[in-house]
Amino acid sequence: LTDLAVKAMAGKSKSSGKREQKEISSLEHLPIHRHKKQLLQAVAENPFLIVTGETGSGKTTQLPQYLYQAGFGKHGMIGVTQPRRVAAITVAQRVSEEMNCILGKEVGYQVRFDDCTSKSTVIKYMTDGCLLRELLADHGLSQYSTIILDEAHERSLSTDVLFGLLKNMFKQKKTQDRKVPLKVVIMSATLDLDKLSEFFENCPIVSVAGRTYPVTEVHCDLIGPKDTESSLFVKEVVKVTLDVHMNEEAGDILVFLTGQSEIERACDLLFQKAEAIDYRYDVQDHSVEGLIILPLYGSMPTDQQRRIFQPPPPGIRKCVVATNIAATSLTVSGIRYVVDSGFVKQLNHNPRVGLDILEVVPISKSEAMQRAGRAGRTSAGKCYRIYSKEFWRKCMPDHMVPEIQRTSLTTVILTLKCLAVHNVISTNFPYLDCPEERHILEALKQLYQLCGCDHRWGYVTRLGQFMVELPLPPGLTRALLKAAALGCEDLLLPVAAMLSVENVFIRPGHPEKQKVAERRHREFASQTGGCNDFTTLLNIFKQCKSSSASPANWSRDHWIHWRAMKTAFSVETQLSEVLSKLKQLKDFPVEEFDGSKSELLRRCLCSGYFTNVARRSVGKTFCTMDGHGSVVHIHPSSALYEKETQLDWIIFHEVLVTSKVYIRTLCPIKYEWVKDLLPKLHEIDVHELSSVAREEQTEDEMARWEKREIVKQEAGKMAEEALKKLEKRNDEKSVSDARARYLQRKQERSKD
DNA sequence: GAGCACTGC
């Protein structure tokens, strides 16, 4: 938890410094204090309540204390959820200080890998994912008197699921075994409040003033509705940033860009204005005419992040060039100017091609307002937007599409079914924003394929109940359970852990160092035969864990991210604990293995990844067998890159869509291993899986055929769209190749 | 011959 601690400290030093100057009585000057009576009365009289207020209103720290003082904690804990772990920890720290008690006693927190609560805990801060886990174990949330969902406007996947479940609990009166009915408070910035209120039985809304300063918004008109090239906005951002630096009064600048490469390019350009210094190879302070330039993104080493929070020397201006991480996760103090690129990198799931695509898209108006707000935390500020008013009107949606409408829903559907919500279609389950039906159907199909739900009507299976206990993507869960049944989970646990954490391979910016790192990485592959990326991950895990020197030093010497390795070790421990509990159950499956030992790992992987089977097609390309028939390429980071022609059938962990459609982390398999599983990919009619849900059992054959045909047509359209996107990025040669492949595939299909 | 935002269990 070192890294979390660093971030927690960064936030803490700021707030505790403030607190030292003021007495605890200053809490009474918080904007929320005036609403204390009104809030307590509203909670007492209603099952649901919405509290809205900007940053600095004190709602997160004060409302739970008010409720506690008013006796709401007598019949159960007051649970407060946060979308992020650091937030849950820091807020709990702060409230325990305010209440003058030891953290973990009356006030505690729970996040993954760290439960800091006790029997005496009455106010519990936690991540929303943790509460969802608790709900799986205790459907009535009997430990709690009150649930507060904080930061609801962020619409995290878990918060959205909790919305529906808590509303259901109220509707179904599942709270009958309670002494006192459960109270639910939703805390949100001012977004769609009427809709939220309507959703929660027309509950009252209490508005609390914030404590922020005015931010002047300036449109620079450098980007219009027609500008979509990402190379464009980096230049424009740099231009505006330099303008701000030259012409504006003292005050630090926060620049919002889309990702690491754009940030590095922008920093390079900023430096070029003075002299050619490559900041990446030298961590000493550099300044461009009184400007310190600091990149900030998630995968950056923590020791470099520390400098972000330090104030600049007198007379020097600090400029932080950051990803969206600075919008919510990290607070940089002293910011007076924000430069907004207007774009964000977002992972979107497309059910029609079954691919996750990471794409650069315009932000929403509410996200732009959130970014601007970062300039008004300590004094009045200014926000420079590089895009025009027309871009704002035409290209930016009012609100971000919530995560539940953008991601694969397999895990969500499994969770709901395990909570006795068999009917997952919107006509039954209350989604605040309903995912498209085809998202739900695709999730049902995948769940069925992994044996998590039943063929008839999609009821959850025993295996599905085991699966929900493991915090892993469904395919990987299935593979791990297979391994456990065969008694070889030690082989798969480290692989599952390594696949759960961010990429462990360090890719240095310096070309020479990059070669050294690459050589080191290739050794890991060749040590275990050089033809299985999963085994390579297992190899790294084992070596790092058993390294005689400190594992941290070992990681540095081998160009491996130590931070990610530490997380992988924690994940492996947790998965191992969950698995051994499951194995103690009487009906946990036990199977015999009849193949050779060298096949064991791959055979287990097949049981979960047979939905990710591909077969070699023309040249170095592969064709997926999941029904989409997408053409994919092996990513150059794979040990099997440039060994394509030696391969026939393979399974892969993930797809990346960048300049081509790449598959990453893969291994060869034999057709016999998946032969019996493959029909499962096509045999099921997804509408049958959900027919009970939609109460359409009587629906006649014709209508179903029609629907199936529409789905097929859409899949075809989507393939064309995906290709069009690639054409833009590729050169003419590869475009014509792609087109040829596409036409060939189309012809082959029509023959069938 | 690539280059991947951010969370969470």
**Student:** State whether the distance check finds a donor on one side and an acceptor on the other, under 3.5 Å, for side chain A:E518 versus base B:dA2.
**Tutor:** yes

**Student:** Applying a 4.0 Å non-hydrogen cut-off, can you work out what A:R406 is touching in the nucleic acid: base, sugar-phosphate, or nothing?
**Tutor:** nothing

**Student:** Output the distance between atom OG1 (A:T410) and atom CD1 (A:I440), rounded to the nearest 0.5 Å.
**Tutor:** 11.5 Å

**Student:** What's the closest nucleotide to the side chain of A:L347 if the choices are B:dA5, B:dG8, B:dA2?
**Tutor:** B:dA5

**Student:** Quick check for you: among B:dC9, B:dC6, B:dG1, whose closest atom lies nearest to any side-chain atom of A:T323?
**Tutor:** B:dC6

**Student:** For the residue pair A:T127 and A:R112, establish whether any side-chain heavy-atom pair is separated by less than 4.5 Å.
**Tutor:** no

**Student:** Would you please name every residue forming a side chain to side chain contact (heavy atoms under 4.5 Å, CB included) with A:E654, sequence neighbours left out?
**Tutor:** A:R664

**Student:** Which comes earlier along DNA chain B counting from the 5' end, the contact point of A:R84 or that of A:V344, where each point is its nearest nucleotide?
**Tutor:** A:V344

**Student:** Please tell me if A:T127 has a side-chain N or O lying less than 4.0 Å from either OP1 or OP2 of B:dC9.
**Tutor:** yes

**Student:** Which nucleotide, B:dA5, B:dT7, B:dC9, lies nearest any side-chain atom of A:P471?
**Tutor:** B:dC9

**Student:** Output the single nucleotide from B:dA2, B:dC9, B:dC6 whose closest atom is nearest the side chain of A:S637.
**Tutor:** B:dA2

**Student:** I'd like to check the ring pair (Phe, Tyr, Trp, His ring centres under 6.0 Å) partners of A:H153; sequence neighbours left out, ordered by chain and number.
**Tutor:** none

**Student:** Touch check for A:Q514, heavy atoms < 4.0 angstrom, all strands: base, sugar-phosphate only, or nothing?
**Tutor:** base

**Student:** Once you round it to whole Å, what is the distance between P of B:dC9 and CG of A:D114?
**Tutor:** 10 Å

**Student:** Could you tell me the separation between the CZ atom of A:R371 and the P atom of B:dC6, rounded to a whole number of Å?
**Tutor:** 12 Å

**Student:** Which of the following nucleotides, B:dG1, B:dC9, B:dA2, is nearest to the side chain of A:Y662?
**Tutor:** B:dA2

**Student:** Let me know which of A:D114, A:T117, A:D115, A:T90 forms a side-chain hydrogen bond (donor to acceptor under 3.5 Å, both in side chains) with A:Y109.
**Tutor:** A:D114

**Student:** With DNA chain B as reference, determine whether A:K345 or A:L470 sits nearer its 5' end, using the nearest nucleotide of each.
**Tutor:** A:K345

**Student:** Measure CD1/A:I663 against C1'/B:dG1 and give the value in whole Å, please.
**Tutor:** 16 Å

**Student:** Atom NE2 of A:H635 to atom P of B:dA2: distance rounded to whole Å?
**Tutor:** 8 Å

**Student:** Dump the intermediate steps for salt bridge (charged side-chain N to carboxylate O under 4.0 Å, His left out) on A:R84 and A:E151, then the final yes or no.
**Tutor:** CA-CA 10 Å; A:R84 279 169 297 282; A:E151 310 285 3; 5.1 Å; no

**Student:** Counting side-chain heavy atoms from C-beta on, which of B:dT7, B:dA2, B:dC9 comes nearest to A:P636?
**Tutor:** B:dA2

**Student:** Give a yes/no on whether any side-chain N or O of A:R155 is located under 4.0 angstrom from OP1 or OP2 of B:dT7.
**Tutor:** no

**Student:** How many whole angstroms separate atom CG of A:N503 from atom P of B:dC4?
**Tutor:** 12 Å

**Student:** Starting at CG of A:L257 and ending at C1' of B:dC4, how long is that distance when rounded to a whole Å?
**Tutor:** 16 Å

**Student:** What nucleotide, of B:dA5, B:dC9, B:dT7, holds the atom closest to the side chain of A:Q260?
**Tutor:** B:dA5

**Student:** Rounded to the Å, how far apart are A:L640 CG and B:dG1 P?
**Tutor:** 17 Å

**Student:** Give A:S329 one of three labels, base, sugar-phosphate or nothing, depending on what nucleic acid heavy atoms sit under 4.0 Å from its own.
**Tutor:** sugar-phosphate

**Student:** With distance as the sole criterion, do the side chain of A:R664 and the base of B:dC4 form a donor-acceptor contact below 3.5 Å?
**Tutor:** yes

**Student:** Can you tell me the distance, in whole Å, between the CG atom of A:L296 and the C1' atom of B:dC6?
**Tutor:** 12 Å

